[in-house]
Amino acid sequence: MSVVAVALLASALAVVFALLAAVGAGKLARLDGASYPSALKQAATAFTAVLTLAAVVAAALAEVCS
């Protein structure tokens with residue numbers, strides 16, 4: 001399997017995990033009584049946090065493996 005294919009697969013998996021975290025955060029915010037704009041803001045924050053964490057982990061692994 002080529003390096004490009006592995007990188008694309010890992011990126012797609014990170015986006016899927018970020019979407020799942022965002023949906024969960026938004027749903028939990030709505031269950032807690034938050035308004036729709038507030039729940040959307042929390043979902044967006046969770047999405048960006050997961051993508052940022054994935055980028056940091058990828059950068060750290062690239063540094064260690066090279």
Side-chain angles (χ1 to χ4, degrees):
M1 201 177 229
S2 74
V3 175
V4 175
V6 171
L8 287 175
L9 184 61
S11 298
L13 190 60
V15 170
V16 168
F17 282 143
L19 285 172
L20 286 172
V23 168
K27 181 63 178 174
L28 287 174
R30 283 295 295 157
L31 287 175
D32 198 33
S35 64
Y36 282 109
S38 177
L40 184 61
K41 183 178 178 183
Q42 290 181 7
T45 303
F47 182 78
T48 56
V50 171
L51 285 184
T52 303
L53 182 62
V56 167
V57 168
L61 285 175
E63 185 69 27
V64 170
C65 292
S66 63

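Only this structure's heavy atoms are used, side chains among them; waters, hydrogens and symmetry mates stay out. Small disclaimer: the values here were computed from a predicted structure and weren't measured.
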request  = State plainly whether one hydrophobic cluster holds both V23 and V15, where clusters connect Ile, Leu, Val, Met, Phe, Trp and Tyr through side-chain heavy atoms under 4.5 angstrom apart.
outcome  = no
inquiry  = Is there a continuous path of hydrophobic side-chain contacts, each under 4.5 Å between heavy atoms, that joins L51 to L13?
reply    = no
ask   = Which heavy atom of A18 sits nearest a heavy atom of V50, and at what distance?
value = CA-CG1, 3.6 Å
remark   = Heavy atoms of A34 and S38 approach each other most closely as CB-OG, 4.0 Å
request  = Return the minimal non-hydrogen interatomic distance between Q42 and A25, and the atom names on each side.
outcome  = O-CB, 4.1 Å
ask   = Of the non-hydrogen atoms in A54 and A14, which two are nearest, and what is the gap between them?
value = CB-CB, 4.0 Å
task = Mind checking the CG-OG1 spacing from L40 to T45? Nearest 0.5 Å is all I need.
result = 9.5 Å
